[in-house]
Amino acid sequence: MLKYFVSRILLLIPMLLVIGLVVFIGLELAPGDPITAMIPPDQLSSMTLEDIEAMRESLGLNDPMLVRYFRWLFNLIKGDMGYSVVTGTPIASIIQNLLPATIKLTFAALIISTIIGLLFGIVSAIKSNTFIDYISSVLGVIGISMPEFFIGILALLIFAIRLKWFPAQGRTDVGLNALQSLKYLVLPACSLGMVLAAALMRYTRNAMLDVLNKDYVKTARAKGLPEWKVYYKHVFRNSLMPISVLLLLRLPMLIGGSVVIEQVFGYAGVGSRLLAAINGSDYQLVLVIILLLSTVSLLASVLIDMFTALLDPRVRLGGDIGGAK
Amino acid sequence: MNKQDYILSINDLKTQFKIGKRVVKAVDGVTLNVRRGKTMGLVGESGCGKSVTAHSIMQLLPKAGSIKEGEIIFRPQNSEEFDIAKYRKTDKKLRNMRGRQISMIFQDPMSSLNPVYRIGDQIIESIIQHERISKKAAIKRTVDMLEMLSIPQADKRIMDYPHQFSGGMKQRVMIAMGLITNPELLIADEPTTALDVTIQAQILELMQQMQEQLGFTIIIITHNMGIVADMADDIAVMYMGKIMEFGAKEDIFLRPTHPYTRALLKSVPVLGNGGNDRLEPIRGTTPDPSDMPEGCSFMPRCDLATEKCKNAPPYEDVGNGHMVRCWYAKGGAANE
Amino acid sequence: MATVLASKQKVKKSSLAKRNLQKLLNNKLAVFGLIVVTAMILACIAAPLLTPYDPMKISLSERDLEPSSNHLFGTDKLGRDVFARTLYGGRMSILIGLSGAIGGMLLGVIFGSLCGFFGGTLDAIFVKIAELVSVVPQLLLVLVLSTFLGAGVQNLIYVFMFTGWVATFRLVRGRFFSLREESFVEACRAFGIGNLSIAFKHILPNCLGPVAVQLTLNTAGFILQEAALSFIGLGVPSGVPTWGNIMNAAKEIIVITQSPWLWIPPGIAIALFVLGVNSLGDGMRDVLDPSQL
Amino acid sequence: MSNQSNHTEILLDIKNIKKYYPIQAGLFRRTIGHVKAVDDVSLYVKRGETLGLVGESGCGKTTLGKCIVRLHRPTEGELRYRFDEDGEYKDLLSLDKKESFNARKKIQMVFQDPYSSLNPIKNILTAFDEPLRIHGWTNANERKERVAELLESVNLHADYMYRYPNEFSGGQRQRICIARAMCVNPDLIVCDEPVSALDVSIQAQVLNLMKDLQKEHGLTYVFIAHDLSVVEYMSDRIAVMYLGKVVELASAKKLYYHFEHPYTEALLSAIPIPKIGEKRQRIILEGDVPSPANPPAGCRFHTRCHKVMDICRVKSPELRPMKNDPDHLVACHLADTVEDIAEIPADAV
């Protein structure tokens, strides 16, 4: 078990290195002098060309690319992410302010969609081929066909502007208590989670129906277990494995979607900052944010993967499938 | 014979499946009596309805299937007899019966155990469902049962997961799970089809030993005439949802009367004959169950078929409870 | 022998494709999807017949008009007819989604069959690449690539191809892995039929059903992505109307509350078209394998 | 056509065939061991006869069959094959490309699962078409006639060539597969469990058809099955395999009454016979078949053998002819073979 986890985590390293490299090459190709992103702007303005050239040498900007890459990566890990060219603020502080908000939003969306998706999926499977199942199937296919931002705009119009249940725009933590800041989260998180909820619902239903046909479900019934126990212990438990695989595939889409949803609600997270940075050609900031979001996505995938392994003794205990002792 | 000597009496059972708009009559009027403490073999080819019959007894049919007609009278030793067919699939009465009074083991031991739970937990689940018993006592009983079924190091192996067991060992676990509550009837649905011959011999031997020790009744379902010759006291031969012939083992093997039974016996090679006798195949193929012929269902493939067979033949006793469903059963052409 | 050959002229050749089409037409979901998709595509193609307006023509005298018999969906801030823009925008949105998906499918099928048939190092490398591409949020990947390649319809299609091959690749590779163990493939080998023929003539056609289903999924996904990208202003240049571009206006609260005709029609168009494509895909999947999903 | 009554000419000489599969593990796919699926098997097949291969799952019978058809390349060994009745023997494994391709015509295979043996999206004609075309039937009409002829030879209607596999029952499919294997006029057909997926009433149809075709075309069969009664019905000689090795080889008539190997004895006694009256002595083997990745030392059967002796745990018995019958080969220390146990040095024990 431990061996599996360790190897899974070790595999993360090369993947992060490759993503990092792609981002770094992107930085290299981006227009603009890299040095502008490495020195605080007020200091930069008082330097002569010779100073800058000396600085370039001392900063190692003339070193081979691979050396610079690892130095950049190392600095990144230390928290030195450079400076935003446009606003002149250190990127680390921008990230520090905004990343938690984005993670909160995505996580909330994940929780909401998992609860709704599993609930409706389970009901749909248990009542398969009834009216309830039919309705939720139709809702499911409509759900996965809606653009997230369209749901967002509709939600904004109905719940924030017309009904005034929630604030329409923005998110500031300053001077807000937990309940108030939760109010800012509800609409974006729900809009973001809706599509995933629909996908999860469809998938849960099918995974459960699939498991229902398995022989061990028949065995469970033959033991005389009541239906709820059959569903809970033998059907749902076993469906969780394929469901978590779907989550794994869908998670990057959720994180991508957060960028758009933040834009709709003017939610101050890394996503909306990312768009501002792109429009302002602030490449250093763009790439760091993308690297971070990718890392979050990668880490979350590994977590889900480990969760799947925990569920399945065949993965957990190594694959000597069918082997007698 | 006294009614109480039969642990199970099935009368004119009809089980149907609805697939889309088609109705498949999988079991179409089965009548059977199972003697207490004996072994009954139910033989037939795939799709003849033998498995559906077994699942009907447990009311373990899939959603599309349901019992349409007939009764399944179960007579437990220490309680009132009741008609299984009268209850809904999820009725408490049936739930209490399943796994406690009647147990069932399935064809494929590989997929019959839930891969995510420990072997021990899956067996104990069965005890705890039906008895008020401490966890410790349940574990003890599980280990004892596994030891009885000659699983080495049973106390350690209950902590293992199904994928760590071989096919034969898994089938032993299934048997243990079935017998742990001391049921009166064990239904074994092709229990050895997925196993190798030497493992098959082990499992069949074990089932016989356990029956001697615990005295339960067995219904064994198989397509292998050899297995029923070994195991069964009574044999029912099924074809297209109906019992074609029923009788004591001797009736079936020494005095086979239905043309289908005879054809079946002649179409399988017998070890020791060395390919001397040429096999006599049954011509044609089994008809589509949703489109069965009128009259005798074996007629299209039967060498003795005449005009008469276009009407459904009666199910008659030809002596000593030897039942045959054929127009020619009594002194007719089949006894030439 | 002559009689044998003569008698077989009478037998109607049953074609598998024809039978599957028949099954598809019996599937309500698929028929619904097919009707919606076909109707919308036809409407977009026939846009000049359905509306007299030019989607690009700015008419300052007709700014911000509510829907009326003249302007079915009203006009936008520059006085352009929203109905015309929705129709013409649909052309571009569908074109981008479909060509991105087809391109991705081709890449996926080629890589997938090569890896699935030959396995080995090539396979190991592609699997790793696929894992990498799929773990990075696709929208971000599209964002980066379109930032550097520059905005533009063609670039967007390239970007979709580059990010969209993974699902098809996995699917085809997986099917190859299981199919190449099937006895009919071994029978081909036993006859000495060459590898390429086995891979492309015997195995690949067996993957095409699921690939077609995947194509619908990808088309739906790319249309949604294009819309999202254009909505945040990073997809197609704002001059070219697409469904997402039209909705770009809804970034302002004032538009959301005061001029819903600017964003509701294209929003519904996207949802309806994607719904049609998804239903068609679901229906196809039911036809191909009624037991699955 | 060869003479069926006395098969004397050896068609295929299987010499010391081994097939090992590497077991790989870890991040770098290191090879940590081998599954010895077939471990040093030598057999011969005479022209016109049926050689039965019998054993439980994992004994290597299918792997050996696939090696003969060259679907698997053996790790070691030779497959010496006589193309013409008075020609020379050639090793099938060291032919050049063209010879190798032509040799494919000579040896064909019928597979276990009739459902996966036919490509579901191609009609029957197409399934036959490509093999025929690449092996010299260049004229499309001739190919069509050939297919019609073949289908009729397996008692199917010629029109069926336009149908798709899903329109046929298992028995019909298996007959189509037999016809397909025959389309290039092979000498030798390896039949891998051809009837085990079929219903009992259909098995006999297929078995009899195979016997008839053999007579008609002078075919040679290697007949692989787990069911000894079926193998006995079909075969002239039977080789019993256990964990990658042949443990006994005898004529079909001899094997049932004069078996020598304890495994053969157990196998025979384990098979349920559809007869009553004679009470047979049942030998129940203990435990499971050991893993071929880690076979026991000495005689591979010693872990389950009811007659195990000390020597069996250390020394692996050779497959040797019996003293009184040189055509009956046994690999057991107990058997009265040409070489006696006494000759084994005492310190080996």
Side-chain angles (χ1 to χ4, degrees), chain B residues 43-48 150 152 165-169 192 194-206 222-232 239 249-250 252-254 260 263-286 301, chain D residues 50 54-59 168-172 195 198-209 211-212 226-236 251-257 263 266-278 280 282-289 291 304:
Chain B
V43 276
E45 299 175 84
S46 57
C48 73
S150 21
F165 278 59
S166 69
M169 285 292 164
T192 57
L195 305 173
D196 269 323
V197 266
T198 60
I199 309 296
Q200 165 172 294
Q202 289 172 358
I203 296 292
L204 295 179
E205 179 82 13
L206 255 165
T222 175
H223 64 273
N224 189 327
M225 291 300 268
I227 289 178
V228 284
D230 260 359
M231 296 275 296
Y239 183 75
K249 171 158 71 175
E250 292 74 21
I252 301 296
F253 281 100
L254 304 177
Y260 176 63
L264 212 51
L265 285 168
K266 277 187 208 160
S267 70
V268 289
V270 177
L271 200 60
N273 277 2
N276 292 334
D277 317 337
R278 192 176 158 86
L279 297 178
E280 292 173 33
I282 306 176
R283 62 193 156 81
T285 49
T286 38
R301 304 175 74 187
Chain D
T50 300
V54 73
E56 294 175 273
S57 53
C59 74
F168 296 101
S169 70
Q172 287 173 320
V195 297
L198 305 179
D199 255 331
V200 273
S201 75
I202 308 298
Q203 284 189 4
Q205 292 176 0
V206 174
L207 292 177
N208 282 349
L209 172 73
K211 275 197 161 186
D212 295 342
H226 67 277
D227 185 345
L228 241 177
S229 17
V230 172
V231 175
E232 193 198 34
Y233 177 68
M234 290 300 290
S235 310
D236 298 296
S251 72
K253 290 193 175 69
K254 197 137 195 169
L255 195 75
Y256 183 68
Y257 296 102
Y263 178 64
L267 203 57
L268 283 167
S269 80
I271 290 170
I273 294 181
K275 265 190 200 168
I276 56 168
E278 46 184 301
R280 291 183 300 153
R282 253 221 206 135
I283 295 157
I284 306 287
L285 291 180
E286 298 267 313
D288 289 307
V289 183
S291 155
R304 303 172 78 198

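Any value given below was found using the heavy atoms of this structure, including those in side chains, with hydrogens, waters and symmetry copies removed.
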Check your understanding: Hey, what do you get for CD1 (I271(D)) to OG1 (T198(B)), rounding to the nearest 0.5 Å?
Key -> 10.0 Å
**Study point:** Distance in Å, H226(D) NE2 paired with D196(B) CG, rounded so as to fall on 0.5 Å steps
**Key:** 7.5 Å
Point to revise | Proximity breakdown for V268(B) and chain D, heavy-atom pairs closer than 4.5 Å | key: side chain
Check your understanding: Which atom pair, heavy atoms only, marks the closest approach of Q202(B) to G287(D)?
Key -> NE2-O, 2.8 Å
Exercise for review: Identify which part of Q200(B) has an atom lying under 4.5 Å from any heavy atom of chain D, answering side chain, backbone, both or neither.
Suggested key: side chain
**Study point:** Under 4.5 Å from any heavy atom of chain B - which part of I284(D)
**Key:** side chain
**Study point:** Interface moiety of L285(D) toward chain B, non-hydrogen atoms closer than 4.5 Å
**Key:** both
Check your understanding: So D199(D) and H223(B), side chain to side chain contact (heavy atoms under 4.5 Å, CB included) or not? Walk me through it.
Key -> CA-CA 8 Å; D199(D) 255 331; H223(B) 64 273; 5.6 Å; no
Check your understanding: Among S57(D), S201(D), S251(D), who wins on heavy-atom pairs under 4.5 Å with chain B?
Key -> S201(D)
**Study point:** Smallest separation among heavy atoms of N224(B) and P272(D), with atom names
**Key:** ND2-CG, 4.3 Å
Check your understanding: Can you name the closest pair of heavy atoms from Y233(D) and P269(B) and give their distance?
Key -> CB-CB, 3.7 Å
**Study point:** Contacts of K249(B) that satisfy side chain to side chain donor-acceptor pair (under 3.5 Å) - sequence neighbours left out
**Key:** none
Point to revise | Structural part of L255(D) lying under 4.5 Å from a heavy atom of chain B | key: neither
Review point. When only pairs under 4.5 Å are counted, which of M225(B), E250(B), E205(B), R283(B) shares the most heavy-atom pairs with chain D?
Key: E205(B)
Study note, to complete from the structure: For P274(D) and V270(B) the tightest heavy-atom approach is CG-CG2, 4.1 Å
Review point. Under the criterion side chain to side chain contact (heavy atoms under 4.5 Å, CB included), which of V54(D), L228(D), L267(D) is the partner of V197(B)?
Key: L267(D)
Exercise for review: Please check if atom CD in E286(D) has more than 12 non-hydrogen atoms from other residues, nucleotides or ligands closer than 6.0 Å.
Suggested key: no
Point to revise | Short side-chain to backbone donor-acceptor contact, N208(D) and L279(B), under 3.5 Å | key: yes
**Study point:** Backbone of G284(B) reached by a side-chain donor or acceptor of Q205(D) within 3.5 Å
**Key:** yes
Check your understanding: Are D230(B) and R282(D) side-chain neighbours, meaning at least one heavy-atom pair lies under 4.5 Å?
Key -> yes
Practice item. Would you name the heavy atoms of A201(B) and A270(D) that are closest together and state the gap between them? Key: CB-CB, 3.8 Å
Review point. Sequence neighbours excluded, which residues qualify as side chain to side chain contact (heavy atoms under 4.5 Å, CB included) partners of S169(D)?
Key: T285(B), Q172(D)
**Study point:** Which atoms of L264(B) approach chain D - backbone, side chain, both or neither, heavy atom under 4.5 Å
**Key:** side chain
